[in-house]
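One structure is given below, encoded as C-alpha coordinates.
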There are 2 protein chains.
Amino acid sequence: MSNSKKHTLAIVDDHLLFASSLEKLINTFPEFQVLFKARHGLEMQNELKGNDTIPDLILLDINMPVMNGFETVAWLTENHPKVKVLALSVEDNEGIILKMIRGGAKGYFLKDIHPDDLKFALLEVMEKGYYYSERVTSTMVNALQPGAKEPTVKLRENELTFLQLACSEMTYKEIADVMHLSPKTIDGYRQELFNKLGIKNRVGLVIYALKNHLIEL
Amino acid sequence: MSNSKKHTLAIVDDHLLFASSLEKLINTFPEFQVLFKARHGLEMQNELKGNDTIPDLILLDINMPVMNGFETVAWLTENHPKVKVLALSVEDNEGIILKMIRGGAKGYFLKDIHPDDLKFALLEVMEKGYYYSERVTSTMVNALQPGAKEPTVKLRENELTFLQLACSEMTYKEIADVMHLSPKTIDGYRQELFNKLGIKNRVGLVIYALKNHLIEL
DNA sequence: AATGAATACAGGGAAAACCCCGTTGTTTTA
DNA sequence: TAAAACAACGGGGTTTTCCCTGTATTCATT
(Lines give C-alpha, C1' and ligand atoms only; values in the text may rest on other atoms or scores of the structure.)
Protein backbone atom coordinates (compact mmCIF):
# COMPACT_ATOMS: atom_id res chain seq x y z
CA MET A 1 0.00 0.00 0.00
CA SER A 2 1.41 3.37 -0.96
CA ASN A 3 2.07 5.94 1.70
CA SER A 4 -0.48 8.38 0.35
CA LYS A 5 -3.29 5.90 0.74
CA LYS A 6 -2.66 5.20 4.40
CA HIS A 7 -5.29 6.22 6.89
CA THR A 8 -3.98 8.78 9.29
CA LEU A 9 -4.69 8.85 12.98
CA ALA A 10 -3.86 10.61 16.20
CA ILE A 11 -3.48 9.31 19.75
CA VAL A 12 -4.72 11.36 22.68
CA ASP A 13 -3.61 9.88 25.99
CA ASP A 14 -1.78 11.26 28.99
CA HIS A 15 0.15 8.05 29.55
CA LEU A 16 3.18 8.90 27.48
CA LEU A 17 4.59 5.43 27.59
CA PHE A 18 1.35 3.90 26.40
CA ALA A 19 0.86 6.48 23.67
CA SER A 20 4.38 6.08 22.34
CA SER A 21 4.19 2.32 22.45
CA LEU A 22 0.83 2.28 20.75
CA GLU A 23 2.23 4.52 18.06
CA LYS A 24 4.94 1.98 17.33
CA LEU A 25 2.39 -0.79 17.18
CA ILE A 26 0.01 1.03 14.88
CA ASN A 27 2.80 2.08 12.56
CA THR A 28 3.45 -1.60 11.97
CA PHE A 29 -0.03 -1.82 10.44
CA PRO A 30 0.49 -1.11 6.73
CA GLU A 31 -2.90 0.62 6.45
CA PHE A 32 -2.33 3.19 9.14
CA GLN A 33 0.02 5.92 10.12
CA VAL A 34 0.12 7.95 13.31
CA LEU A 35 0.15 11.66 12.59
CA PHE A 36 0.66 12.96 16.10
CA LYS A 37 0.18 12.30 19.79
CA ALA A 38 -1.30 14.57 22.44
CA ARG A 39 -1.57 14.25 26.19
CA HIS A 40 -5.09 15.65 26.48
CA GLY A 41 -7.85 17.43 24.60
CA LEU A 42 -6.31 20.86 24.76
CA GLU A 43 -2.99 19.70 23.40
CA MET A 44 -4.92 17.93 20.65
CA GLN A 45 -6.73 21.14 19.74
CA ASN A 46 -3.42 22.91 19.33
CA GLU A 47 -2.06 20.12 17.17
CA LEU A 48 -5.13 20.28 14.95
CA LYS A 49 -4.73 24.02 14.53
CA GLY A 50 -1.00 23.89 13.83
CA ASN A 51 -1.32 21.03 11.38
CA ASP A 52 -3.11 21.43 8.08
CA THR A 53 -3.71 17.72 7.66
CA ILE A 54 -6.26 16.49 10.11
CA PRO A 55 -6.29 12.78 10.94
CA ASP A 56 -9.02 10.45 9.71
CA LEU A 57 -9.34 8.91 13.12
CA ILE A 58 -8.58 9.75 16.71
CA LEU A 59 -7.89 7.28 19.49
CA LEU A 60 -9.10 8.95 22.62
CA ASP A 61 -8.39 8.11 26.24
CA ILE A 62 -11.07 9.05 28.75
CA ASN A 63 -9.25 9.75 31.97
CA MET A 64 -6.98 12.68 31.23
CA PRO A 65 -5.96 15.83 33.01
CA VAL A 66 -6.85 19.31 31.78
CA MET A 67 -9.43 18.21 29.20
CA ASN A 68 -10.86 14.72 29.49
CA GLY A 69 -12.35 12.35 26.95
CA PHE A 70 -15.95 13.50 27.35
CA GLU A 71 -15.14 17.15 26.77
CA THR A 72 -12.82 16.27 23.93
CA VAL A 73 -15.26 14.11 22.01
CA ALA A 74 -17.91 16.81 22.37
CA TRP A 75 -15.53 19.39 20.96
CA LEU A 76 -14.58 17.11 18.08
CA THR A 77 -18.17 16.36 17.01
CA GLU A 78 -18.78 20.10 17.10
CA ASN A 79 -15.64 21.26 15.27
CA HIS A 80 -14.47 18.27 13.25
CA PRO A 81 -17.51 16.07 12.63
CA LYS A 82 -15.71 14.11 9.91
CA VAL A 83 -13.03 12.82 12.22
CA LYS A 84 -13.91 9.41 13.60
CA VAL A 85 -13.37 8.99 17.30
CA LEU A 86 -12.58 5.73 19.02
CA ALA A 87 -12.70 5.81 22.81
CA LEU A 88 -10.11 3.85 24.72
CA SER A 89 -10.47 3.19 28.42
CA VAL A 90 -9.38 0.89 31.20
CA GLU A 91 -12.82 0.85 32.66
CA ASP A 92 -15.68 -1.35 31.66
CA ASN A 93 -18.49 0.83 32.85
CA GLU A 94 -21.89 1.13 31.21
CA GLY A 95 -22.34 4.75 32.17
CA ILE A 96 -19.02 5.73 30.65
CA ILE A 97 -19.65 3.81 27.46
CA LEU A 98 -23.01 5.49 26.95
CA LYS A 99 -21.62 8.92 27.74
CA MET A 100 -18.96 8.55 25.06
CA ILE A 101 -21.32 7.14 22.45
CA ARG A 102 -23.81 9.92 23.13
CA GLY A 103 -20.92 12.34 22.78
CA GLY A 104 -20.31 11.06 19.26
CA ALA A 105 -17.70 8.33 19.61
CA LYS A 106 -17.77 5.78 16.80
CA GLY A 107 -16.45 3.00 18.98
CA TYR A 108 -15.32 2.11 22.45
CA PHE A 109 -12.89 -0.47 23.69
CA LEU A 110 -10.91 -1.48 26.67
CA LYS A 111 -7.16 -1.29 26.92
CA ASP A 112 -6.96 -5.04 27.39
CA ILE A 113 -8.07 -5.60 23.80
CA HIS A 114 -5.90 -7.83 21.65
CA PRO A 115 -3.76 -5.96 19.09
CA ASP A 116 -5.32 -7.93 16.24
CA ASP A 117 -8.76 -6.88 17.37
CA LEU A 118 -7.60 -3.28 17.52
CA LYS A 119 -6.46 -3.48 13.93
CA PHE A 120 -9.76 -5.02 12.91
CA ALA A 121 -11.64 -2.28 14.74
CA LEU A 122 -9.59 0.45 13.08
CA LEU A 123 -10.30 -0.98 9.64
CA GLU A 124 -13.98 -1.37 10.40
CA VAL A 125 -14.29 2.21 11.50
CA MET A 126 -12.64 3.48 8.36
CA GLU A 127 -14.78 1.27 6.19
CA LYS A 128 -18.18 1.22 7.82
CA GLY A 129 -17.91 4.33 9.90
CA TYR A 130 -18.27 2.62 13.24
CA TYR A 131 -17.13 -0.35 15.28
CA TYR A 132 -19.02 -1.63 18.24
CA SER A 133 -17.94 -4.69 20.14
CA GLU A 134 -20.49 -7.08 21.53
CA ARG A 135 -20.04 -5.57 24.94
CA VAL A 136 -20.81 -2.07 23.70
CA THR A 137 -23.73 -3.24 21.60
CA SER A 138 -25.34 -5.00 24.52
CA THR A 139 -24.86 -1.93 26.64
CA MET A 140 -26.64 0.21 24.08
CA VAL A 141 -29.48 -2.26 23.72
CA ASN A 142 -29.83 -2.32 27.48
CA ALA A 143 -29.96 1.43 27.62
CA LEU A 144 -32.67 1.61 24.97
CA GLN A 145 -34.84 -1.14 26.41
CA PRO A 146 -37.63 0.91 27.94
CA GLY A 147 -39.10 -1.52 30.44
CA ALA A 148 -36.06 -3.33 31.77
CA LYS A 149 -34.16 -0.73 33.69
CA GLU A 150 -34.11 2.94 34.37
CA PRO A 151 -31.54 4.38 31.93
CA THR A 152 -29.37 6.16 34.38
CA VAL A 153 -30.86 7.72 37.45
CA LYS A 154 -31.04 11.43 36.96
CA LEU A 155 -29.74 13.46 39.85
CA ARG A 156 -30.76 17.03 40.44
CA GLU A 157 -28.14 19.66 41.04
CA ASN A 158 -28.73 19.79 44.80
CA GLU A 159 -28.91 16.06 45.13
CA LEU A 160 -25.55 15.71 43.45
CA THR A 161 -23.99 18.32 45.70
CA PHE A 162 -25.43 16.61 48.75
CA LEU A 163 -24.25 13.23 47.55
CA GLN A 164 -20.73 14.52 47.13
CA LEU A 165 -20.72 16.11 50.56
CA ALA A 166 -22.11 12.91 52.04
CA CYS A 167 -18.90 11.22 50.96
CA SER A 168 -17.05 13.01 53.74
CA GLU A 169 -16.96 12.85 57.50
CA MET A 170 -19.50 15.66 57.84
CA THR A 171 -22.78 15.02 59.62
CA TYR A 172 -25.99 15.78 57.77
CA LYS A 173 -26.40 18.86 59.93
CA GLU A 174 -23.03 20.17 58.85
CA ILE A 175 -23.90 19.44 55.24
CA ALA A 176 -27.14 21.37 55.72
CA ASP A 177 -25.09 24.31 56.97
CA VAL A 178 -22.70 24.48 54.05
CA MET A 179 -25.60 24.08 51.61
CA HIS A 180 -27.64 26.75 53.44
CA LEU A 181 -30.59 24.43 53.81
CA SER A 182 -32.59 22.97 56.66
CA PRO A 183 -31.41 19.62 58.04
CA LYS A 184 -34.88 18.38 57.19
CA THR A 185 -34.37 19.19 53.55
CA ILE A 186 -31.14 17.25 53.58
CA ASP A 187 -33.06 14.43 55.19
CA GLY A 188 -35.41 14.53 52.22
CA TYR A 189 -32.57 14.39 49.70
CA ARG A 190 -31.11 11.44 51.51
CA GLN A 191 -34.39 9.56 51.54
CA GLU A 192 -35.03 10.33 47.89
CA LEU A 193 -31.58 9.08 46.91
CA PHE A 194 -32.01 5.89 48.92
CA ASN A 195 -35.21 5.23 46.98
CA LYS A 196 -33.85 6.19 43.58
CA LEU A 197 -30.63 4.25 43.93
CA GLY A 198 -31.98 1.30 45.87
CA ILE A 199 -29.59 1.59 48.78
CA LYS A 200 -29.98 1.38 52.52
CA ASN A 201 -27.56 3.70 54.21
CA ARG A 202 -24.86 6.31 53.89
CA VAL A 203 -22.14 3.83 53.01
CA GLY A 204 -24.30 2.88 50.05
CA LEU A 205 -24.24 6.51 48.95
CA VAL A 206 -20.46 6.60 49.07
CA ILE A 207 -20.13 3.38 47.11
CA TYR A 208 -22.58 4.62 44.50
CA ALA A 209 -20.79 7.93 44.11
CA LEU A 210 -17.49 6.12 43.67
CA LYS A 211 -18.75 3.62 41.15
CA ASN A 212 -20.34 6.34 39.08
CA HIS A 213 -17.39 8.68 39.26
CA LEU A 214 -19.35 11.38 41.01
CA ILE A 215 -16.42 11.98 43.33
CA GLU A 216 -12.67 11.55 43.11
CA LEU A 217 -10.67 9.36 45.44
CA MET B 1 25.19 -4.85 19.14
CA SER B 2 24.94 -8.56 18.42
CA ASN B 3 21.80 -10.39 19.26
CA SER B 4 23.41 -12.58 21.88
CA LYS B 5 24.44 -9.60 23.98
CA LYS B 6 20.98 -8.13 24.24
CA HIS B 7 19.38 -7.94 27.65
CA THR B 8 16.24 -10.02 27.78
CA LEU B 9 13.06 -8.97 29.50
CA ALA B 10 9.46 -9.95 30.07
CA ILE B 11 6.31 -7.88 30.38
CA VAL B 12 3.63 -8.80 32.88
CA ASP B 13 0.49 -6.75 32.38
CA ASP B 14 -3.14 -7.62 31.88
CA HIS B 15 -3.69 -4.79 29.41
CA LEU B 16 -2.94 -6.72 26.25
CA LEU B 17 -2.84 -3.66 24.07
CA PHE B 18 -0.40 -1.92 26.33
CA ALA B 19 1.79 -4.97 26.71
CA SER B 20 1.94 -5.61 22.98
CA SER B 21 2.61 -1.98 22.21
CA LEU B 22 5.30 -1.76 24.84
CA GLU B 23 6.90 -4.86 23.38
CA LYS B 24 7.17 -3.15 20.01
CA LEU B 25 8.66 -0.08 21.60
CA ILE B 26 11.22 -1.96 23.62
CA ASN B 27 12.24 -4.09 20.69
CA THR B 28 13.28 -0.89 18.95
CA PHE B 29 15.89 -0.41 21.70
CA PRO B 30 19.01 -2.16 20.36
CA GLU B 31 20.07 -3.21 23.85
CA PHE B 32 16.90 -5.05 24.75
CA GLN B 33 14.69 -7.82 23.58
CA VAL B 34 11.32 -8.94 24.89
CA LEU B 35 11.28 -12.65 25.63
CA PHE B 36 7.61 -13.06 26.49
CA LYS B 37 4.50 -11.37 27.78
CA ALA B 38 2.10 -12.55 30.49
CA ARG B 39 -1.21 -11.22 31.72
CA HIS B 40 -0.58 -11.81 35.40
CA GLY B 41 1.74 -13.46 37.88
CA LEU B 42 0.41 -16.95 37.40
CA GLU B 43 0.79 -16.84 33.65
CA MET B 44 4.31 -15.53 34.21
CA GLN B 45 5.16 -18.45 36.46
CA ASN B 46 4.08 -20.86 33.74
CA GLU B 47 6.16 -19.02 31.16
CA LEU B 48 9.19 -19.19 33.43
CA LYS B 49 8.74 -22.91 33.91
CA GLY B 50 8.17 -23.67 30.24
CA ASN B 51 11.07 -21.57 29.09
CA ASP B 52 14.65 -22.49 29.89
CA THR B 53 15.97 -18.97 29.38
CA ILE B 54 14.77 -16.69 32.12
CA PRO B 55 14.73 -12.95 31.43
CA ASP B 56 17.22 -10.55 32.98
CA LEU B 57 14.47 -8.15 33.84
CA ILE B 58 10.72 -8.13 34.35
CA LEU B 59 8.39 -5.19 33.85
CA LEU B 60 5.59 -5.73 36.29
CA ASP B 61 2.19 -4.12 36.41
CA ILE B 62 0.58 -3.84 39.84
CA ASN B 63 -3.14 -3.99 39.24
CA MET B 64 -3.75 -7.36 37.69
CA PRO B 65 -6.35 -10.09 38.06
CA VAL B 66 -5.58 -13.55 39.46
CA MET B 67 -2.13 -12.69 40.84
CA ASN B 68 -1.25 -9.06 41.32
CA GLY B 69 2.04 -7.20 41.39
CA PHE B 70 2.63 -7.51 45.11
CA GLU B 71 2.21 -11.25 45.15
CA THR B 72 4.23 -11.62 41.99
CA VAL B 73 7.23 -9.61 43.14
CA ALA B 74 7.24 -11.58 46.39
CA TRP B 75 7.26 -14.84 44.48
CA LEU B 76 10.05 -13.61 42.21
CA THR B 77 12.35 -12.53 45.03
CA GLU B 78 11.77 -15.92 46.58
CA ASN B 79 12.21 -18.07 43.49
CA HIS B 80 14.24 -16.00 41.06
CA PRO B 81 16.23 -13.51 43.11
CA LYS B 82 18.54 -12.72 40.19
CA VAL B 83 15.77 -11.37 38.02
CA LYS B 84 15.44 -7.63 38.32
CA VAL B 85 11.91 -6.35 38.74
CA LEU B 86 10.69 -2.95 37.64
CA ALA B 87 7.22 -2.02 38.84
CA LEU B 88 4.96 -0.15 36.48
CA SER B 89 1.80 1.52 37.67
CA VAL B 90 -0.70 4.22 36.83
CA GLU B 91 -0.91 5.29 40.42
CA ASP B 92 1.40 7.65 42.23
CA ASN B 93 0.82 6.40 45.75
CA GLU B 94 3.42 6.31 48.51
CA GLY B 95 1.99 3.21 50.11
CA ILE B 96 2.12 1.27 46.86
CA ILE B 97 5.64 2.38 46.07
CA LEU B 98 6.90 1.26 49.47
CA LYS B 99 5.04 -2.02 49.28
CA MET B 100 6.71 -2.86 45.97
CA ILE B 101 10.18 -1.77 47.06
CA ARG B 102 9.85 -3.78 50.27
CA GLY B 103 8.74 -6.70 48.13
CA GLY B 104 12.03 -6.53 46.25
CA ALA B 105 11.35 -4.31 43.22
CA LYS B 106 14.47 -2.62 41.84
CA GLY B 107 12.55 0.35 40.53
CA TYR B 108 9.12 1.89 40.19
CA PHE B 109 7.67 4.20 37.63
CA LEU B 110 4.44 5.57 36.37
CA LYS B 111 2.93 4.76 33.01
CA ASP B 112 3.14 8.38 31.97
CA ILE B 113 6.93 8.17 31.86
CA HIS B 114 8.62 9.31 28.66
CA PRO B 115 9.94 6.46 26.48
CA ASP B 116 13.46 7.88 26.61
CA ASP B 117 13.35 7.82 30.37
CA LEU B 118 12.14 4.26 30.28
CA LYS B 119 15.11 3.28 28.17
CA PHE B 120 17.45 5.08 30.54
CA ALA B 121 15.85 3.32 33.50
CA LEU B 122 16.18 -0.06 31.85
CA LEU B 123 19.87 0.52 31.17
CA GLU B 124 20.47 1.77 34.70
CA VAL B 125 18.87 -1.28 36.22
CA MET B 126 20.98 -3.62 34.14
CA GLU B 127 24.13 -1.69 34.93
CA LYS B 128 23.76 -0.58 38.53
CA GLY B 129 21.14 -3.03 39.67
CA TYR B 130 18.51 -0.45 40.49
CA TYR B 131 16.82 2.67 39.23
CA TYR B 132 14.97 5.01 41.50
CA SER B 133 13.41 8.20 40.25
CA GLU B 134 13.43 11.32 42.40
CA ARG B 135 9.85 10.67 43.32
CA VAL B 136 10.61 7.19 44.57
CA THR B 137 13.73 8.30 46.39
CA SER B 138 11.90 11.02 48.26
CA THR B 139 9.21 8.57 49.21
CA MET B 140 11.76 6.21 50.67
CA VAL B 141 13.50 8.97 52.57
CA ASN B 142 10.15 10.06 53.95
CA ALA B 143 9.35 6.56 55.06
CA LEU B 144 12.66 6.24 56.88
CA GLN B 145 12.50 9.60 58.62
CA PRO B 146 11.77 8.44 62.14
CA GLY B 147 10.14 11.48 63.70
CA ALA B 148 8.10 12.91 60.88
CA LYS B 149 5.26 10.49 60.42
CA GLU B 150 3.97 7.16 61.54
CA PRO B 151 5.24 4.65 58.97
CA THR B 152 1.99 3.09 57.97
CA VAL B 153 -0.64 2.18 60.48
CA LYS B 154 -0.50 -1.51 61.08
CA LEU B 155 -3.83 -3.28 60.94
CA ARG B 156 -4.44 -6.60 62.56
CA GLU B 157 -6.03 -9.41 60.59
CA ASN B 158 -9.45 -8.99 62.18
CA GLU B 159 -9.37 -5.23 61.93
CA LEU B 160 -8.72 -5.49 58.23
CA THR B 161 -11.56 -7.92 57.73
CA PHE B 162 -13.89 -5.67 59.70
CA LEU B 163 -12.76 -2.63 57.76
CA GLN B 164 -13.52 -4.34 54.48
CA LEU B 165 -16.94 -5.46 55.64
CA ALA B 166 -17.63 -1.95 56.94
CA CYS B 167 -17.39 -0.76 53.35
CA SER B 168 -20.73 -2.35 52.61
CA GLU B 169 -24.32 -1.68 53.55
CA MET B 170 -24.16 -4.17 56.41
CA THR B 171 -24.86 -2.98 59.93
CA TYR B 172 -22.25 -3.61 62.59
CA LYS B 173 -24.49 -6.29 64.02
CA GLU B 174 -24.56 -8.09 60.71
CA ILE B 175 -20.79 -7.78 60.44
CA ALA B 176 -20.48 -9.27 63.92
CA ASP B 177 -22.55 -12.21 62.72
CA VAL B 178 -20.48 -13.03 59.67
CA MET B 179 -17.28 -12.64 61.69
CA HIS B 180 -18.67 -14.83 64.49
CA LEU B 181 -17.94 -12.21 67.11
CA SER B 182 -19.93 -10.17 69.59
CA PRO B 183 -21.25 -6.79 68.39
CA LYS B 184 -19.29 -5.33 71.26
CA THR B 185 -16.06 -6.67 69.86
CA ILE B 186 -16.88 -5.08 66.54
CA ASP B 187 -17.58 -1.88 68.42
CA GLY B 188 -14.09 -2.12 69.84
CA TYR B 189 -12.50 -2.62 66.42
CA ARG B 190 -14.36 0.39 65.13
CA GLN B 191 -13.25 2.59 68.00
CA GLU B 192 -9.67 1.40 67.70
CA LEU B 193 -9.62 2.13 63.97
CA PHE B 194 -11.08 5.59 64.51
CA ASN B 195 -8.24 6.34 66.90
CA LYS B 196 -5.49 4.79 64.82
CA LEU B 197 -6.58 6.41 61.59
CA GLY B 198 -7.73 9.71 62.99
CA ILE B 199 -11.23 9.54 61.57
CA LYS B 200 -14.66 10.26 62.99
CA ASN B 201 -17.21 7.95 61.44
CA ARG B 202 -17.93 5.06 59.15
CA VAL B 203 -17.65 7.11 55.98
CA GLY B 204 -14.11 7.88 57.08
CA LEU B 205 -13.43 4.16 57.21
CA VAL B 206 -14.66 3.69 53.66
CA ILE B 207 -12.58 6.58 52.36
CA TYR B 208 -9.49 5.26 54.14
CA ALA B 209 -9.98 1.76 52.78
CA LEU B 210 -10.36 3.12 49.28
CA LYS B 211 -7.34 5.39 49.43
CA ASN B 212 -5.18 2.59 50.74
CA HIS B 213 -6.46 -0.01 48.32
CA LEU B 214 -7.80 -2.23 51.07
CA ILE B 215 -10.92 -2.80 49.00
CA GLU B 216 -11.75 -2.85 45.32
CA LEU B 217 -14.36 -0.71 43.62
C1' DA C 1 -59.36 28.21 38.21
C1' DA C 2 -58.35 23.55 39.48
C1' DT C 3 -54.82 19.86 39.40
C1' DG C 4 -50.69 17.96 40.01
C1' DA C 5 -45.89 17.77 40.29
C1' DA C 6 -41.73 19.55 42.40
C1' DT C 7 -39.34 21.69 46.30
C1' DA C 8 -38.26 22.98 51.05
C1' DC C 9 -39.36 21.88 55.44
C1' DA C 10 -41.37 19.86 60.25
C1' DG C 11 -42.78 16.40 63.99
C1' DG C 12 -41.80 12.38 66.02
C1' DG C 13 -39.87 7.94 66.79
C1' DA C 14 -37.01 3.71 66.10
C1' DA C 15 -32.61 1.93 64.88
C1' DA C 16 -27.85 2.41 64.20
C1' DA C 17 -23.71 4.48 65.13
C1' DC C 18 -20.75 6.55 68.31
C1' DC C 19 -18.22 6.87 72.83
C1' DC C 20 -16.35 5.96 77.46
C1' DC C 21 -15.22 3.03 81.12
C1' DG C 22 -14.53 -1.52 83.02
C1' DT C 23 -13.63 -7.01 83.21
C1' DT C 24 -11.35 -11.27 82.06
C1' DG C 25 -7.94 -14.12 80.07
C1' DT C 26 -3.92 -14.69 77.09
C1' DT C 27 0.38 -13.55 75.11
C1' DT C 28 4.42 -10.76 74.68
C1' DT C 29 8.16 -8.49 76.52
C1' DA C 30 11.18 -6.17 79.65
C1' DT D 1 8.13 -13.14 86.72
C1' DA D 2 5.88 -8.96 86.83
C1' DA D 3 4.36 -5.46 83.72
C1' DA D 4 2.52 -4.36 79.51
C1' DA D 5 0.03 -5.07 75.52
C1' DC D 6 -3.61 -7.75 73.17
C1' DA D 7 -8.13 -9.73 72.41
C1' DA D 8 -12.99 -10.48 73.26
C1' DC D 9 -16.71 -8.70 75.53
C1' DG D 10 -20.36 -6.01 78.55
C1' DG D 11 -23.08 -1.85 80.69
C1' DG D 12 -25.06 2.21 79.64
C1' DG D 13 -25.63 6.68 77.52
C1' DT D 14 -25.57 10.40 73.66
C1' DT D 15 -25.76 11.58 68.95
C1' DT D 16 -26.68 10.62 64.27
C1' DT D 17 -28.97 8.26 60.97
C1' DC D 18 -32.96 6.44 59.16
C1' DC D 19 -37.93 6.51 58.04
C1' DC D 20 -42.77 7.81 57.71
C1' DT D 21 -46.33 11.21 57.44
C1' DG D 22 -47.77 15.75 56.58
C1' DT D 23 -47.81 20.93 55.27
C1' DA D 24 -46.86 25.45 52.64
C1' DT D 25 -45.28 27.31 48.35
C1' DT D 26 -44.26 27.59 43.67
C1' DC D 27 -44.80 26.61 38.98
C1' DA D 28 -46.44 24.51 34.97
C1' DT D 29 -50.44 22.08 32.83
C1' DT D 30 -55.25 21.21 31.67
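Note that these values count all heavy atoms, side chains included, but never hydrogens, waters or copies made by symmetry. Here is the naming used below: chain letters follow the sequence lines, and residue numbers restart at 1 for every chain.
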Pairwise side-chain hydrogen bond (donor to acceptor under 3.5 Å, both in side chains) hits with a residue in residues 169-187 of chain A, at least two apart: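 Sorted result for residues 169-187 of chain A: A:Asp187-A:Arg190.
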
Measure the distance from [atom1] on [X] to [atom2] on [N] and round it to the nearest whole Å.
X: A:Arg156; N: C:dA6; atom1: CZ; atom2: P; answer: 7 Å
X: B:Tyr189; N: D:dG10; atom1: OH; atom2: P; answer: 13 Å
X: A:Lys196; N: C:dT7; atom1: NZ; atom2: C1'; answer: 12 Å
X: B:Ile186; N: D:dG10; atom1: CD1; atom2: P; answer: 12 Å
X: B:Ile175; N: C:dA16; atom1: CD1; atom2: C1'; answer: 12 Å
X: A:His180; N: C:dC9; atom1: NE2; atom2: P; answer: 12 Å
X: B:Met179; N: D:dA8; atom1: CE; atom2: P; answer: 8 Å
X: B:Glu169; N: C:dA15; atom1: CD; atom2: C1'; answer: 16 Å

Candidates A:Leu88, A:Val34, A:Asp13 - the one meeting side-chain contact (heavy atoms from CB on, under 4.5 Å) with A:Leu22: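 By the side-chain contact (heavy atoms from CB on, under 4.5 Å) criterion, A:Leu22 pairs with just one of A:Leu88, A:Val34, A:Asp13: A:Leu88.
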
Heavy atoms from other residues, nucleotides or ligands near CZ of B:Phe194 exceed 12 (cutoff 6.0 Å):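 Result for CZ/B:Phe194: enclosed.
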
Heavy-atom side-chain contact between B:Phe32 and B:Asp56 under 4.5 Å: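 When only atoms from C-beta onward are counted, B:Asp56 and B:Phe32 do not touch, as no gap falls below 4.5 Å.
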
Side-chain heavy-atom pair B:Asn68, B:Asn63 within 4.5 angstrom cut-off: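 Side-chain contact under 4.5 Å: no.
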
Base versus backbone protein contacts along nucleotides 14-28 of chain D [heavy-atom cut-off under 4.0 Å; B, S, -]: ---SBBB--------

Given C:dA10, D:dC9, D:dA8, the nucleotide with the shortest approach to the side chain of B:Ser182: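 From the listed options, D:dC9 comes nearest.
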
B:Trp75/B:Leu48 under side-chain contact (heavy atoms from CB on, under 4.5 Å): CA gap, chis, key distance, verdict: CA-CA 12 Å; B:Trp75 184 86; B:Leu48 288 177; 3.7 Å; yes

